[in-house]
Enquirer: 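Would you mind keeping the following structure in view while I ask a few things?
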Amino acid sequence: MFKLNLKIAWRNLWKNKGYTFINIFGLSVAMASCILIFIFIRYQLSFDQGYKNQDRIYRFTTDWKYTSFEDYSQGVPIPFAAAARNELPGLEKTAMIVRSNVILQIKNKNGTDRIKTQERIYYAENDFFDIFNIGWLAGTSATALSEPNTAALSETMAKNFFGTAENAVGKVILLENSVNLKVTGVFNDMSANTSLPVKIIVSYQNFSARNSKNWNAVSAQIECYTLLKNGVTPTGLEGPLRLFNKKYYWDRKIEGKQTNSLQALKDIHFSERYGNFADLYITKKEIYGLAVIGVFLMITACINFINLATAQSINRAKEVGVRKVMGSKRKQLIVQFLTETFTITLIALIIACILAELGLPQLEALFKARISFSSFQDPVIFIFLIALVLLISLLAGFYPALIISGFSPALAIKNKITVNSGNMSLRKILIVIQFSITIILIIGTAVILQQMDYVHKKPLGFNTEATAMLNVPADSLSQTRYNTFKERALQIEGVQLLSYCQQPPLSGDVSSTTFGFNGRKNIDFELRKYIADADYFKVFDLKLIAGKIFLKSDTNSGYVVNETFLKKMYINNPQDAIGKILLLGGKKIPVVGVVKDFNDKSLKESISPLAIFPQKGDYYKIAIKMDRNQLVPAMHKMEALWNSTFPNGIYTAEFVHDDINRYYESELIMGILFRVFAGIIIFISFVGLFGLISFVAKQRTKEVAIRKVLGASTLELVKMLNSSFLLLVFIANLVAWPLAYLLASKWLSGFVYRINLSVWPFVLAFLVSMLITLITVSIRSYKAAVANTIDALKYE
């Protein structure tokens, strides 16, 4: 029976090639989009999965809560792990891991460099391997890093450095041109979707600050992981953690009500607040947003299918009538029409899989992630594809099957089938839903593009044009060459200004501290530190509004603070701050200047209170201002000079403008996705609209013919056929506007600096939807209005 139904379905689909093509094309594009969204969400949800005891692995984090300031860090104080092992019950294993960027060298037998590279290494305690149950190709977790000056490599890194994993064991790697590390083990590569992309792990005993007792110093480069004992839960540790925090923070009067808390491994990748070593995260909000877009796509595609199926239902009336006269039951007809829908959906799925495979590289490039699409490697994808086909077949096919199978045999054979108003009302509701989704996406796209344009054009309070950041070694030998390098660099044609510093004005590399001002200790907020020389202000065109810049000196002769600092200290006149003493890092030094506020973080965050001051031993960046017309040759000459001046270092350079754009990558990605998916949904929606106007035109063929005979003009007939559809789209706008407003307002609330949500995105969506509707339905209405009246009335 199924084989017969399939054969009949194929014949009917082939007979109506036009409708079949539109249905398959619309469904395949929607399904391909859903498949891409699904595999991306699946990839993101698979982060930090697959470890033996993953449900018991947690990371300790640090929080601060001042009177008017809160801060969060993925890091912990250096002495934290040792104290936690001794005083927190329920911890089976605890390990510190510290991230660092270093220069590694592998020498030839004659002493020359075979490999010289800058790599990210991790100092880790042995228990780290046991917590994550990392397998070993050579060596063991108990012995690999038990001694100082030892290192373990991932399989890939071992092959890159020494050809094979076996060859790596026993070899020597030179760390920072000073320490010989012996390779004592090779471990399995971490998965691509991990928050811990460790490839080179060095014994924790080589971490120079490991014996620090400072509980007030916390760095995001220092994390602590723990494996809870079986049966122990974070809730059960709340009491001991509270006592621990009291002993080491509150009783010691450490500022900011500093506390440590537990974060589950499964939550790390989705934590915007804390971050991770992979520097990759996606919020659950973005995951839900993509899932909603996928649902919108499928709803739109199904509505489109229903409209097209009902539009051509009249053509099937005689077939249904004859089959009912010959004894077919309604149940059999429903199965027949569902089989046709299933066939269309299955063909669409095959095409969708091909389109998804073609679109996957673009998705990978967009999200900068390696994503595989194989239903054989991942059974969940196969299950999703089956579920997708069955769900769409049922949602899209059941209503048309129910309507068509319900035709009266007598009326069907006489070709007198009409669709009652109730069914037409349902179709109108579907059109309103479909276009409401389309309008919401148009408004959302317009708002995202407006905000991104605002972000790129808003003055940040400093100038980034033709400004590059170069790294600079901070060892004592390199520091003696700073002045020489600067003198020679300024002689390069096209180089205008140069400054030694730690970061550009807008940076996520935040270093903040408690402070005292004018003889009083501040307990309301922390002060952000900017370490830079006096030329920093000229390079980035920072504006002084009071006082002067500190002296050109290797030591700190004065602080330059910003306007936000004055506001938080309730100082109205910037001149009143000049000469006041700022206690920072145990040193009492006067404020010598006030700089106009500039955005030191992304526009999602408020401007920090900050102080800029020089400190020669702590520079690790060079900011260079160049003539944009001589940018390329100047950069080439700068690289040659840098390599000759700092031969033991590795040259890297980055333009400040490019670095700033990275802060809005997720918003830019969402803008691209909205544009693409809004375009797809608009296309599918208006194809469905074309199908519905075709349905109505066929239903009203005789009415149109009679009106023409009675003198109605073509324009009047077109207006008559168009009016109901324009009304539906108008209603869809009214439904979509409040929903779009709520969604857009919620998204914009993530930015401290944002556009005002104006009426223009809503007007744009209204005009676009009404205009395309008018064009789409007018084409089909005009065709119906100019049709030969004799053909419609000759059998009456």
Enquirer: Heavy-atom count around K616 NZ within 6.0 Å, excluding the residue itself: above 12?
Expert: yes
Enquirer: Between K285 and E272, does any NZ, NE, NH1 or NH2 come within less than 4.0 Å of an OD or OE carboxylate oxygen?
Expert: no
Enquirer: With a 3.5 Å distance limit and no angle check, can you tell me whether D48 reaches the backbone of S195 through a side-chain donor-acceptor pair?
Expert: yes
Enquirer: Is the F384 ring parallel, tilted or perpendicular to the F38 ring (thresholds 30°, 60°)?
Expert: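 The arrangement is parallel - the two ring planes meet at less than 30°.
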Enquirer: Answer with yes or no after comparing the ring centroid distance for Y72 and W64 against a 6.0 Å cut-off, counting only values under it.
Expert: no
Enquirer: Can you confirm whether or not the ring centre of Y66 sits under 6.0 Å from the ring centre of F525?
Expert: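 Not under 6.0 Å, so no.
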Enquirer: Classify the ring geometry of F47 against Y43: parallel below 30°, tilted from 30° to 60°, perpendicular beyond 60°.
Expert: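 Ring orientation, 0 to 90° scale: perpendicular.
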Enquirer: With K171 as the cation and F161 as the aromatic partner, state whether NZ or CZ is under 6.0 Å from the six-membered ring centre and within 45° of the axis.
Expert: no
Enquirer: Can E255 and Y249 be counted as having a side-chain donor-acceptor contact under 3.5 angstrom?
Expert: no
Enquirer: Got more than 12 heavy atoms from elsewhere within 6.0 Å of NZ, K52?
Expert: no
Enquirer: Taking E147 first and then K182, would you say they form a salt bridge - that is, a charged N and a carboxylate O separated by under 4.0 Å?
Expert: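 The answer is no: the pair does not qualify as a salt bridge.
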Enquirer: Under the salt bridge (Lys or Arg N to Asp or Glu O under 4.0 Å) rule, what do K159 and D189 come out as? Steps first, then yes or no, please.
Expert: CA-CA 11 Å; K159 289 178 179 178; D189 288 335; over 6 Å; no
Enquirer: Should Y248 and E87 be marked as a side chain to side chain donor-acceptor pair (under 3.5 Å) after you check the CA-CA gap, both sets of side-chain angles, and the distance that decides it?
Expert: CA-CA 11 Å; Y248 287 101; E87 301 180 35; 2.2 Å; yes
Enquirer: I would like to know whether F80 and F244 meet ring pair (Phe, Tyr, Trp, His ring centres under 6.0 Å); could you show each step before the answer?
Expert: CA-CA 10 Å; F80 174 85; F244 184 91; 5.4 Å; yes
Enquirer: Applying salt bridge (charged side-chain N to carboxylate O under 4.0 Å, His left out), can you list everything that pairs with R210, at least two apart in sequence or on another chain?
Expert: none
Enquirer: Between F515 and F565, does the ring centre distance come in under 6.0 Å?
Expert: yes
Enquirer: Just by distance, do the side chain of R85 and the backbone of T94 share a donor-acceptor pair under 3.5 Å?
Expert: yes
Enquirer: Could you tell me if the side chain of L175 sits less than 4.5 Å from the side chain of L104, heavy atoms only?
Expert: yes
Enquirer: Please confirm whether the backbone N or O of P505 pairs with a side-chain atom of Y530, one donor and one acceptor, at under 3.5 Å?
Expert: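 Checking the backbone N and O of P505 against the side chain of Y530, a donor-acceptor pair under 3.5 Å is found.
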Enquirer: Measure the CG-CG distance between L36 and L290 for me, rounded to the nearest 0.5 Å.
Expert: 11.0 Å
Enquirer: Could you tell me if Y288 and E286 have a donor-acceptor pair between their side chains, going purely by distance under 3.5 Å?
Expert: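 The criterion, which ignores hydrogens and geometry beyond distance, is not satisfied for Y288 and E286.
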Enquirer: When you check the side-chain N and O atoms of T140 and T143, is any donor under 3.5 Å from an acceptor?
Expert: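 Present: a donor and an acceptor within the cut-off.
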Enquirer: Under the side-chain contact (heavy atoms from CB on, under 4.5 Å) rule, what do Y204 and V98 come out as? Steps first, then yes or no, please.
Expert: CA-CA 8 Å; Y204 190 71; V98 182; 3.9 Å; yes
Enquirer: Does Q258 form a side-chain contact (heavy atoms from CB on, under 4.5 Å) with N216? I'd like the steps, not just the answer.
Expert: CA-CA 8 Å; Q258 187 172 324; N216 194 30; 3.8 Å; yes
Enquirer: Under the side-chain contact (heavy atoms from CB on, under 4.5 Å) rule, collect the residues that match up with S749, sequence neighbours excluded.
Expert: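 Partners of S749 under the side-chain contact (heavy atoms from CB on, under 4.5 Å) test: K746.
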Enquirer: Considering the options Y122, Y123, F207, which one meets the side chain to side chain contact (heavy atoms under 4.5 Å, CB included) requirement together with S100?
Expert: Y123
Enquirer: Going by heavy atoms in the side chains, are Q54 and K266 under 4.5 Å from each other?
Expert: no
Enquirer: For a quick test of reading the model, state the closest non-hydrogen atom pair linking L137 to A165 and the distance between them.
Expert: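 Closest approach of L137 to A165: CD1-CB, 4.3 Å.
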Enquirer: Inspect the contact between R273 and D63 and indicate whether a charged nitrogen and a carboxylate oxygen are less than 4.0 angstrom apart.
Expert: no
Enquirer: Using modelled atom types only, decide if a donor and an acceptor are shared between the side chain of E526 and the backbone of T514 within a distance under 3.5 Å.
Expert: no
Enquirer: Quick check against the 3.5 Å criterion: does E155 have a side-chain atom that pairs as donor or acceptor with the backbone of F187?
Expert: no
Enquirer: Does the side chain of Q263 come under 3.5 Å of the side chain of S271 through a donor N or O and an acceptor N or O?
Expert: yes
Enquirer: Under the side-chain contact (heavy atoms from CB on, under 4.5 Å) criterion, do R114 and K107 qualify, and how do the steps go?
Expert: CA-CA 5 Å; R114 180 169 66 84; K107 301 286 187 178; over 6 Å; no
Enquirer: Closer than 3.5 angstrom, by distance alone: can the side chain of N471 be matched with the main-chain N or O of T652 as a donor-acceptor pair?
Expert: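 Pair found, side chain donor or acceptor close to backbone of T652.
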Enquirer: Heavy-atom distance under 4.5 Å between the side chains of M190 and I134, does that happen here?
Expert: yes
Enquirer: Does the side chain of S141 pick up a donor-acceptor pair with the side chain of N126 at under 3.5 Å?
Expert: no
Enquirer: Do E176 and S178 have side-chain atoms, one donor and one acceptor, less than 3.5 Å apart?
Expert: no
Enquirer: Could you walk me through whether L241 and F60 pass the side-chain contact (heavy atoms from CB on, under 4.5 Å) check?
Expert: CA-CA 11 Å; L241 256 178; F60 284 100; 4.3 Å; yes
Enquirer: Please test S46 against N193 for side chain to side chain donor-acceptor pair (under 3.5 Å), starting from the C-alpha separation and ending with a verdict.
Expert: CA-CA 7 Å; S46 69; N193 47 350; 2.5 Å; yes
Enquirer: Is any side-chain N of the basic residue among R56 and E92 closer than 4.0 Å to the acidic one's carboxylate O?
Expert: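 Looking at E92 together with R56, the answer is yes, because their closest N to O distance falls below 4.0 Å.
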Enquirer: Please say which of I607, V510, L506 ends up in a side chain to side chain contact (heavy atoms under 4.5 Å, CB included) with D600.
Expert: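 Between D600 and the candidates, side chain to side chain contact (heavy atoms under 4.5 Å, CB included) is satisfied uniquely by I607.
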Enquirer: Within the supplied structure, the quantity of interest is the number of heavy atoms (other residues, nucleotides, ligands) at a distance under 6.0 Å from I115 CD1; does it exceed 12?
Expert: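 Correct, the count exceeds 12.
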Enquirer: For T184 and T150, which I'm curious about, is there any donor-acceptor pair between the side chains at under 3.5 Å?
Expert: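 No.
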Enquirer: Would you say the side chains of N149 and N206 form a donor-acceptor pair under 3.5 Å?
Expert: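 Their side chains do contain a donor-acceptor pair, which is all the 3.5 Å distance test asks for.
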Enquirer: Does the side chain of S73 come under 3.5 Å of the side chain of T62 through a donor N or O and an acceptor N or O?
Expert: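 Side chains of S73 and T62: no pair found under 3.5 Å.
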Enquirer: Can E119 and K199 be said to form a salt bridge (Lys or Arg N to Asp or Glu O under 4.0 Å), step by step?
Expert: CA-CA 9 Å; E119 297 289 345; K199 297 179 180 179; over 6 Å; no
Enquirer: Taking L610's backbone N and O only, do any of them form a donor-acceptor pair with S608's side chain (distance below 3.5 Å, no angle check)?
Expert: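 The answer is no, because no donor-acceptor pair under 3.5 Å joins these two groups.
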Enquirer: Residues two or more places apart in sequence or in another chain: which of them pass side-chain contact (heavy atoms from CB on, under 4.5 Å) with D509?
Expert: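 If we apply the side-chain contact (heavy atoms from CB on, under 4.5 Å) test to D509, skipping adjacent residues, the hits are Q503, S507, Y620.
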Enquirer: For the rings on Y482 and Y500, is their centre-to-centre separation under 6.0 Å?
Expert: yes
Enquirer: Does some side-chain heavy atom of S146 sit less than 4.5 Å from a side-chain heavy atom of Q205?
Expert: no
Enquirer: Can we call the ring centroids of Y225 and Y58 under 6.0 Å apart?
Expert: no
Enquirer: Can you check whether E654's main-chain N or O pairs, donor with acceptor, with D658's side chain at less than 3.5 Å?
Expert: no
Enquirer: Is a side-chain donor or acceptor of N276 paired with a backbone partner of L280 at a separation under 3.5 angstrom?
Expert: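 Indeed, once roles are kept as given, a pair shorter than 3.5 Å links the two residues.
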